[in-house]
Amino acid sequence: MPKKKPLVVVTRRLPEVIETRMCELFDTRLNESDKPLTPEELAEAMRTAEVLVPTITDRIDSHLIAQAGEQMKLIANFGNGVDNIDVASALGRSVTVTNTPGVLTEDTADMTMALILSVARRLVEGARAIPEGTWAGWSPTWMLGHRITGKRLGIVGMGRIGQALARRAKAFGLSIHYHNRRRAPVEIEEGLEATYWESLDQMLARVDIVSIHCPHTPATYHLLSARRLKHLRPHAILVNTARGEIVDENALVRMLEANEISGAGLDVFEHEPAVSPKLLKLAQAGKVTLLPHMGSATIEGRVDMGEKVIINIKTFMDGHRPPDRVLPSML
Ligand SMILES: NC(=O)c1ccc[n+]([C@@H]2O[C@H](COP(=O)([O-])OP(=O)(O)OC[C@H]3O[C@@H](n4cnc5c(N)ncnc54)[C@H](O)[C@@H]3O)[C@@H](O)[C@H]2O)c1
């Protein structure tokens, strides 16, 4: 008798090619609406499905995990960061958690570079001037930005995306500085000609642009605190494509308002999808570039993520260790 296919509940739309393949391989319940599943629908999935495929906007907290039935075996996150999942609670109930690392690296690094250029060179204000009819010919002083060639870039979190950004930034003539939980291997440091700063405070005081690339964990919540942000110099730019919670957003806003730093490029926010009205005002004034968490948003990237989700589910269901298993030591 053929083996019964596992019931897999998917919380959001995935690329069509991935949904089709998942339906062939598993007993897949797709969410065909544009809305996320409600907490009740998520709880129902925990009670009935063997596999849940959430995305980073689904809060899979300890309360929800406590409702998991015996049949629930795997949470296969459609995303790299797993701060939407209470991994310790899941593992405590013998539910395996997987993610989709690696396939978003280059796309997110591209978007980070775009944000650096956008803030430094006032790209959004420039792009607005023509359609809004405010461009009255050459010479307005408002269009003067800052050269990035020769500047110092400080990377917080020299993992996959941090390194991919460093490769791009080097090609743009920036010098690379970094702070990481652990110092990178010498061949990586040498290849990127990167300077390691054990002290994040000291690095912040020396760089012109700082870009955040560590995960959001209890240890990195408000890593860029009000006190730390004060180390940045008035011409500095801060870019965050990692997670909003890593930066004290209120403190950042206050510094931008007081011209204590020159600008910011943010793809992520502390209370997504809500964005502080003060940040919106700063965007209107051209001091910040705000993006709606689209750092990794490419069609190719989403398909690659979907393929990783499928491999993780299939390997797990075949009785093997899935390649992207999330372990507590990674958090
Ligand atoms: N904006 C987007 O669309 C988007 C897309 C992909 C990933 N991300 C975010 O980017 C983050 C980084 O992704 P990655 O693939 O480079 O991860 P990674 O695991 O390869 O790298 C993270 C690095 O941060 C370091 N780190 C961890 N804690 C630290 C601390 N307290 N201080 C300093 N360094 C610390 C780690 O040692 C590691 O080198 C993800 O966790 C995710 O939140 C965002």
Side-chain angles (χ1 to χ4, degrees), residues 12 55-57 77-85 87 97-116 118 154-169 176-185 188-189 192 194 196-204 207 210-225 228 238-248 264-270 272-273 275 289-302 304-305 308-309 323-331:
R12 298 301 291 265
T55 65
I56 55 165
T57 51
N77 205 33
F78 184 80
N80 184 16
V82 287
D83 47 338
N84 58 315
I85 302 170
V87 176
V97 178
T98 58
N99 65 344
T100 59
V103 291
L104 310 176
T105 303
E106 306 301 327
D107 298 330
T108 310
D110 284 343
M111 196 58 112
T112 310
M113 203 61 224
L115 275 174
I116 292 172
S118 168
I155 295 176
V156 181
M158 193 60 127
R160 285 172 293 239
I161 298 172
Q163 288 172 41
L165 173 66
R167 289 194 292 275
R168 285 156 176 76
I176 310 301
H177 300 255
Y178 79 99
H179 166 81
N180 199 64
R181 203 164 36 162
R182 279 182 294 277
R183 190 168 181 164
I188 290 178
E189 247 182 41
L192 296 169
Y196 172 63
W197 292 82
E198 192 175 345
S199 159
L200 175 56
D201 291 6
Q202 284 179 14
M203 184 181 84
L204 294 177
V207 295
V210 58
S211 193
I212 317 290
H213 299 289
C214 57
H216 169 223
T217 66
T220 63
Y221 175 77
H222 280 194
L223 182 68
L224 278 287
S225 60
R228 278 229 167 87
L238 181 137
V239 171
N240 188 5
T241 59
R243 284 291 181 267
E245 293 90 338
I246 301 167
V247 179
D248 181 339
L266 306 176
D267 184 45
V268 288
F269 305 89
E270 236 190 294
E272 277 178 41
V275 178
T289 299
L290 308 179
L291 294 179
H293 202 144
M294 55 191 282
S296 67
T298 66
I299 292 164
E300 294 86 344
R302 293 287 186 264
D304 291 347
M305 284 166 77
K308 283 212 149 227
V309 167
D324 304 312
R325 192 164 62 129
V326 177
L327 299 172
S329 57
M330 296 172 178
L331 303 173

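When a ligand or atom number is given, it counts from 1 through the structure's own listing order. Remember, predicted model here, so these are calculated numbers, not experimental data.
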Atoms in ligand 1 with a heavy atom of Ser296 nearer than 4.0 Å: 3 (O), 5 (C)
Residue portion contacting ligand 1 (non-hydrogen atoms closer than 4.0 Å) for Asn80: side chain
Under 3.5 Å donor-acceptor, Thr100 side chain and Gly79 backbone: yes
Polar proximity ligand 1 side, Thr108 side, N/O cut 3.5 Å exclusive: no
Polar side chain donor-acceptor pair, Asp267 to Asn240, under 3.5 angstrom: no
N/O separation below 3.5 Å, Arg182 to ligand 1: no
For atom 36 (C) of ligand 1, closest protein heavy-atom neighbour: Asn180 OD1, 3.7 Å
Polar contact flag, side-chain donor to acceptor under 3.5 angstrom, Glu272-His293: yes
Distance, nearest 0.5 Å, that separates OH of Tyr178 from CG of Leu192: 9.0 Å
Numbered atoms and elements of ligand 1 in range of His213, under 4.0 angstrom, heavy atoms: 12 (C), 22 (C), 23 (C), 24 (O)
Atom 17 (O) of ligand 1: the protein heavy-atom neighbour that sits closest, reported with distance to 0.1 Å: Arg160 NH2, 3.7 Å
Nearest non-hydrogen protein atom, atom 21 (O) of ligand 1: Gly159 CA, 3.2 Å
Minimum-distance pair of heavy atoms, taken over all atoms of Thr105 and Gly102: OG1-O, 2.9 Å
Modelled atom types, side-chain donor and acceptor of Thr220 and Arg243, under 3.5 Å: no
Side-chain (Arg228) to main-chain (Leu223) donor-acceptor, under 3.5 angstrom: yes
Atom 7 (C) of ligand 1: the protein heavy-atom neighbour that sits closest, reported with distance to 0.1 Å: Ile161 CD1, 3.5 Å
Ligand 1 versus Arg181: contacting region, heavy-atom distance under 4.0 Å: both
Sub-3.5 Å N/O-N/O distance, Thr105 and ligand 1: no
His177 side chain to Gln202 side chain, donor-acceptor N/O pair below 3.5 angstrom: no
Side chain, backbone, both or neither: the part of Pro215 lying under 4.0 Å from ligand 1 by heavy atom: both
Where ligand 1 meets His293 - atom numbers and elements under 4.0 angstrom, heavy-atom basis: 1 (N), 2 (C), 3 (O)
Distance-only donor-acceptor check, side chains Ser296 and Thr108, under 3.5 Å: no
Heavy-atom pair of closest approach, residues Ala166 and Met158: CB-CE, 4.0 Å
Best match, Cys214, Gly295, Gly81: closest heavy atom to atom 11 (C) of ligand 1: Cys214
Polar side chain donor-acceptor pair, Asp324 to Thr98, under 3.5 angstrom: no
Residue selection (non-hydrogen contact nearest atom 8 (N) of ligand 1) among Thr112, Asp267, Thr241: Thr241
Closest protein heavy atom (residue, atom, distance) for atom 31 (N) of ligand 1: Thr220 CG2, 3.3 Å
Heavy atom of Ala219, distance to ligand 1 below 4.0 Å: no
Closest contact, heavy atoms only, Glu245 versus Glu270: CA-CG, 3.8 Å
Any N or O of His216 closer than 3.5 Å to N or O of ligand 1: no
Nearest neighbour of atom 42 (C) of ligand 1 from the list Arg183, Gln163, Glu245, Arg243, on a heavy-atom basis: Arg243
